[in-house]
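Have a look at the structure below, then the notes.
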Protein chains: 2
Amino acid sequence: MNLKARRGAATRDQLIAIATRLFAEHGYEGASIEAVLQESGLSKGALYHHYAGKDALFEAVLESVEADAGAKIAEAVREIDDPAEALRTGVLTWIRLAGDPVIRRIVLIDAPSVLGWERWRALEERHAFGMLKAALHATGALPEDQVDLHAHVLLAGINEIALLVARSGDGGNAEAVVGELLRRLLRTG
Amino acid sequence: MNLKARRGAATRDQLIAIATRLFAEHGYEGASIEAVLQESGLSKGALYHHYAGKDALFEAVLESVEADAGAKIAEAVREIDDPAEALRTGVLTWIRLAGDPVIRRIVLIDAPSVLGWERWRALEERHAFGMLKAALHATGALPEDQVDLHAHVLLAGINEIALLVARSGDGGNAEAVVGELLRRLLRTG
DNA sequence: TAATTTTGCAGACCGACGGTCGGTATCCAA
DNA sequence: TTGGATACCGACCGTCGGTCTGCAAAATTA
């Protein structure tokens, strides 16, 4: 079970790569399965052998995109010891990554609508949201039972800022704004 | 120009009402134009005479839903003099309204994906976001040039809370959380 | 090595859907 | 009265997501 498995994995990778591009460019609705097949040179049978449907393909794309972003953030934070500083850097990295339409369109805009809020939340729990919660927890600035809620509010605010930054191109200002936002939300008082 | 105009308006109202229900129940993708026509007893010609396409119908639905919510919030705040208290009440009313799937699914989940972020923002500016900005401004708690940004972050956080409340059903806790959130975000320091 | 099963993939086919278009009836305005 | 605009009808079309049968090659078993 090796040659065939490798071929299958390669096919999946190819489909994910192409679908990621098309979903980011045209949105979920605007990107057609047939376009993915045409670009990949594969057949419908191949795609539906690996993915149950268009939404499953989208979910796989989302998973891959988030995993990628997560790795980059982990890398950016790797050598930072101070939890508060790590949190700040991680958030700013995330905002910078959201400059890429792949993140913006797929993760921030289309995902909740395509997967439904519940499935979307479950997936986020394993990625951006999970990381943020862990980082928040590490700072120790919040009571244990408030971490989850604050993470929600904070992530929502961060994502909104990311969209604003992407639109205005004013990346420089984001730093100050995020710093201020964190200070306000984390102040235990 | 009266009987015809009235008939047209009535037809539009009917389409909006039915489409609102179906969009809320099945989401934008899951709700078919044909289902709307079947329930209304109208023809395709009628619908496409009034609306340019499915997304235009959705936008009209969204407009109507937001206008409705806006009116309810305005009503809830009408006799409150203290701006800070009005802000708090308005926000809590909005969260309560988001208990309705019509608001949740259409406004909070599907809208950005269907309209695209830009068109969505422009529409929000005339409704929830506009009201919030005005309310924030009235409190005088923020420097003029920070109102817009804070309104974005605040609305994003509020909407997230609304979704959480809707899921957990824990409406009682929302009050305290929102109060705390407002206090933190508006504290000028 | 031979037989059998499983896996990866092909592509014809289908129903549903969003959207178009020519046509008709009714109302209003000149 | 008549010309044009408005509201609406419904047949038709292309596209899209999804299904199904079939097949060759690899893996497994005998």
Side-chain angles (χ1 to χ4, degrees), chain A residues 1-62 106 110-111 113-116 119, chain B residues 1-62 106 110-111 113-116 119:
Chain A
M1 219 228 284
N2 213 319
L3 202 164
K4 284 208 107 149
R6 286 176 105 80
R7 280 177 101 119
T11 298
R12 278 193 295 275
D13 286 350
Q14 193 190 0
L15 286 171
I16 292 290
I18 293 172
T20 299
R21 253 197 37 240
L22 294 178
F23 281 145
E25 272 177 31
H26 308 112
Y28 179 75
E29 242 213 307
S32 75
I33 290 279
E34 314 226 12
V36 173
L37 296 179
Q38 196 167 353
E39 285 206 27
S40 67
L42 291 165
S43 68
K44 278 206 167 164
L47 194 152
Y48 281 92
H49 173 69
H50 290 288
Y51 301 103
K54 192 184 183 185
D55 61 331
L57 176 61
F58 182 85
E59 190 166 356
V61 164
L62 185 59
I106 295 176
D110 281 344
S113 167
V114 174
L115 298 185
R119 271 168 78 199
Chain B
M1 218 226 284
N2 212 320
L3 202 164
K4 283 205 110 151
R6 285 176 105 82
R7 277 175 98 115
T11 298
R12 278 193 295 274
D13 287 351
Q14 193 191 0
L15 287 171
I16 293 290
I18 292 171
T20 299
R21 252 197 36 239
L22 294 179
F23 281 144
E25 271 176 33
H26 309 112
Y28 178 77
E29 244 213 308
S32 75
I33 290 279
E34 314 228 11
V36 173
L37 297 178
Q38 197 167 352
E39 285 208 26
S40 68
L42 290 165
S43 68
K44 276 208 169 160
L47 193 153
Y48 280 91
H49 173 69
H50 290 289
Y51 300 102
K54 194 184 183 184
D55 61 331
L57 176 61
F58 181 86
E59 189 166 0
V61 164
L62 185 59
I106 295 176
D110 281 344
S113 166
V114 173
L115 299 186
R119 271 167 79 201

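Computed from heavy atoms alone, side chains included, the values below leave out hydrogens, waters and symmetry copies. Below, chain A is the first sequence line, B the second, and so on; all start at residue 1.
- A 6.0 Å sphere centred on CD of B:Glu25 holds more than 12 heavy atoms belonging to other residues, nucleotides or ligands.
- No donor-acceptor pair under 3.5 Å is formed between the side chain of A:Lys44 and the backbone N or O of A:Ile33.
- Contact between the side-chain N/O atoms of A:His49 and the OP1/OP2 oxygens of C:dG8 is found at a separation under 4.0 Å.
- C:dC9 atom C1' lies 15 Å from atom OH of A:Tyr51, rounded to whole Å.
- No hydrogens or angles were tested; on distance alone, nothing pairs the side chain of A:Lys54 with the base of D:dG18 as donor and acceptor under 3.5 Å.
- Between A:Thr11 and C:dC9, a side-chain N or O to OP1/OP2 separation shorter than 4.0 Å is present.
- Judged by distance alone, the side chain of B:Gln14 and the main-chain N or O of B:Ser40 form a donor-acceptor pair under 3.5 Å.
- If you check every strand for non-hydrogen atoms under 4.0 Å, B:Leu47 touches nothing.
- The CZ-P distance, from B:Phe58 to C:dG19, rounds to 14 Å in whole Å.
- Residue order along DNA chain D, read from the 5' end via each residue's closest nucleotide, puts B:Gly45 first among A:Ser32 and B:Gly45.
- Rounded to a whole Å, the CD atom of B:Glu34 is 11 Å from the P atom of C:dG19.
- Taking every side-chain heavy atom of B:Lys44 into account, C:dG19 is the closest of D:dG10, C:dA10, C:dG19.
- Residue B:Ile33 places its side chain closer to C:dG18 than to any other of C:dA10, D:dC8, C:dG18.
- Between B:Tyr28 and B:Phe23, the ring planes lie parallel to each other; the angle is under 30°, not in the 30° to 60° tilted range.
- Across all strands, A:Ala9 comes closer than 4.0 Å to no nucleic acid atom at all (heavy-atom distances).
- When rounded to the nearest whole Å, the span between CD of A:Gln38 and C1' of C:dA10 equals 16 Å.
- Taking the side chain of A:Arg7 as heavy atoms from C-beta on, and the options C:dG18, C:dG8, D:dT6, the nearest nucleotide is C:dG8.
- We find that CG of B:Leu37 is positioned 11 Å from C1' of D:dC9, with the value rounded to whole Å.
- Computed from coordinates, the B:Arg6 CZ to D:dT6 C1' distance equals 16 Å when rounded to whole Å.
- As rounded to whole Å, 15 Å separates atom C1' of C:dC17 from atom CG of B:Leu57.
- Taking atom CD of B:Gln14 as the reference point, atom C1' of D:dA7 lies 13 Å away to the nearest angstrom.
- Residues A:Leu42 and A:Leu47 fail the side-chain proximity criterion, which asks for heavy atoms closer than 4.5 Å.
- The side chain of A:His50 places no N or O atom within less than 4.0 Å of a non-bridging phosphate oxygen (OP1 or OP2) of C:dT7.
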